[in-house]
Amino acid sequence: MDIRTQMSQHTFRRLLALPQPLRLRTFSILNRPPPNYPGHVPLTLVERGALALGSAFGSLRNPHRHDLIAALGEATAKPYFIARLRAAMLANPTGRRILRDKPRITSQTMSLEKLRQLPENTVGRAYAAWLDREGVTPDTRDQVRYIDDPEEAYVMQRYRETHDFTHAITGLPVIIEGELAVKAFEFANTLLPMTALSLVAVVRLKAVERKRFFETYLPWAVGNGLKAEEVINVYWEEELETDVEVLRARLGIEIPPDLRETRKLLRDKNKAERAARDAKDRLGAGMGL
Amino acid sequence: MAGLLPRATKRLRLSPTSGIICRDCRRAVTSSIRHSQQQQPAPSQHVSQSEKTTHFGFETVAEELKASRVRTVFSSVAASYDTMNDLMSLGIHRLWKDHFVRSLNPGIRPTSYSQSAAGQTILDIAGGTGDIALRLLDHATTINRDNGTSVIISDINPEMLAEGRKRFATSPYYASTATSPNRRVSFLEANAEDLSAIESNSIDLYTVAFGIRNFTHKEVALKEAFRVLKPGGVFACLEFTPRLSNPIMNGIYKRWSFGAIPLIGQVVAADRESYQYLVESIERFPSQPEFASMIEEAGFIVPGKERGDGGELQGGWEDLSLGIAAIHKGVKPV
């Protein structure tokens, strides 16, 4: 074997030794590898980039397209961020148990009837109360499809399914303001890029809401997200009967000001002011001024 | 913030695991996921050896199930059908459909000698959203000044027909007017393999655009077409071809089909699977010579055909856009 073949073989072997995310092209669109789990769709780098761009703009135009937000999360999670999250789960004993048991949260596994029976101030009751207040259900979230490693795919699925629990223990509502606050908290806590990219939706807020977000909720989210424990490591199925305050103290989360209450107070105040102004105008008109 | 830094920097640690999992652990994880998700096996696994199967894209399904699977696909694509067509073909589908209708020249030009203004009866199969039917009526009315030609739009899927009704509601063809006392468009929900609602020898022109690749039994549909057409009537089919003749263009085209189209389906229509099915069904469609022989076997005369060496049919169809789509025509013998 001459020196050139030796060199190229050596380089070739070193290329194959690289972890898969770093190899730029491992397969083509027409020759996809078999799926690693049911529903898995292996994507090439170009497809992933196009999916990320398309779902980013699509979800900005229509925030109700939760499937696009999910796709954005999956397209941007590799190579580093989902691996980091999985490593964080493996570093924690509860996280390791979650990865071993792989529990799923669906409307079958989380019976709302039973949760509503739980005593006040338990996590399960707070979750059920939050679902009822916001008018949502623990319906099956979109399945993870575009993450290649099955365990990382489970981590993503778990993050998606426990998002509502994060809402429940912080009390933030499903309106855009509340969602953005939760996403900011999740970015500081999980470092998933999709959570940071969702914050671009700040442009859709009204000026008053934006001011409130930057003054109160963003600092709350970043501060609490950074100092809290990893929320992904909470075994929610076992914490349903824990007291919410105890759980919050254990995780290191302070509850933010109630967003719905704040908005309601502001609305009522504006309505009262407008009513007073109308009454004064009418009075003035009656007196011929 | 100083208290936050250690935990935050621990999170940012740039070398978590190397990402490599040994083969045994990966196999253990995959099998545990597959085990926990083994609720309902795919329907194709229930097909016994004696039942007949057919292809549904790259999947194999029992024959009875294919029609309902196709119906489900088109229920979910109905609402965004036209937008998706524009995005997938970059608007070129409009040129194909215009050319298709123009080459058929529907409508009878009235002369001073013609007595009746009966016009032609056209049957548009799998024409749910009505884009071919509208073009046919427009051509007959504006170019051939024929106010009597009418179109029956038939589709297996009620949602697609509903989209068609919406399109026609704002057109002059839906209501009966002074110049055209009979309604010029009607809607029929039917499977193309069973057109018993239509009399034999009653249709002047049978068109099917981008529909026939979804039929379970194309030969049965061709035989039905033969039955309902009048002697001298024309069968016209606009359909995608399974591959282009130029290998480089074919490579680019296939990568667009299998890569971009399901992606656009996901982003625009929230449905990757239906568009994956669509591109797979194109792969499974017979090539132009094969399809032309199927048309001949149903009894039609295929105009412009020649037998090349090897007995293969040549020239009995028209390729569009380098062979991405093709127009097949047949005439029922008089």
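Proteins come first, then strands; the chains are lettered A, B, ... in the order of their sequence lines, and each starts at number 1. Just so you know, these numbers come straight off a predicted model, no measurement behind them.
- Both the backbone and the side chain of A50(A) come within contact range of chain B, each with at least one heavy atom under 4.5 Å from a heavy atom of that chain.
- Counting non-hydrogen atoms of neighbouring residues, nucleotides and ligands closer than 6.0 angstrom, the OH atom of Y235(A) exceeds 12 such neighbours.
- Between E47(A) and R255(B) there is no salt bridge, since no side-chain nitrogen of the basic residue lies less than 4.0 Å from a carboxylate oxygen of the acidic one.
- For F81(A), no part sits under 4.5 Å from any heavy atom of chain B, backbone or side chain.
- Heavy-atom contacts from other residues, nucleotides or ligands closer than 6.0 Å to CZ of R94(B) number 12 or fewer.
- With a 4.5 Å cut-off on non-hydrogen atoms, V41(A) touches chain B through its side chain but not through its backbone.
- Only the side chain of L43(A) comes within less than 4.5 Å of a heavy atom in chain B; its backbone stays farther off.
- F258(B) and R32(A) make their closest contact through O-NH2, 3.1 Å (heavy atoms, listed as atom of the first residue, atom of the second, distance).
- Listed by first and then second residue, the salt bridge (Lys or Arg N to Asp or Glu O under 4.0 Å) pairs involving residues 214-225 of chain A are K211(A)-E215(A) (not counting sequence neighbours).
- A heavy-atom distance below 4.5 Å is found between the side chains of D67(A) and Q266(B).
- Contact of L68(A) with chain B is made through the side chain alone, with heavy-atom distances under 4.5 Å.
- Within a 6.0 Å sphere centred on CD1 of I248(B), heavy atoms belonging to other residues, nucleotides or ligands number 12 at most.
- Distance check, rounded to the nearest 0.5 Å: CG of L263(B) to CG of L53(A) gives 10.0 Å.
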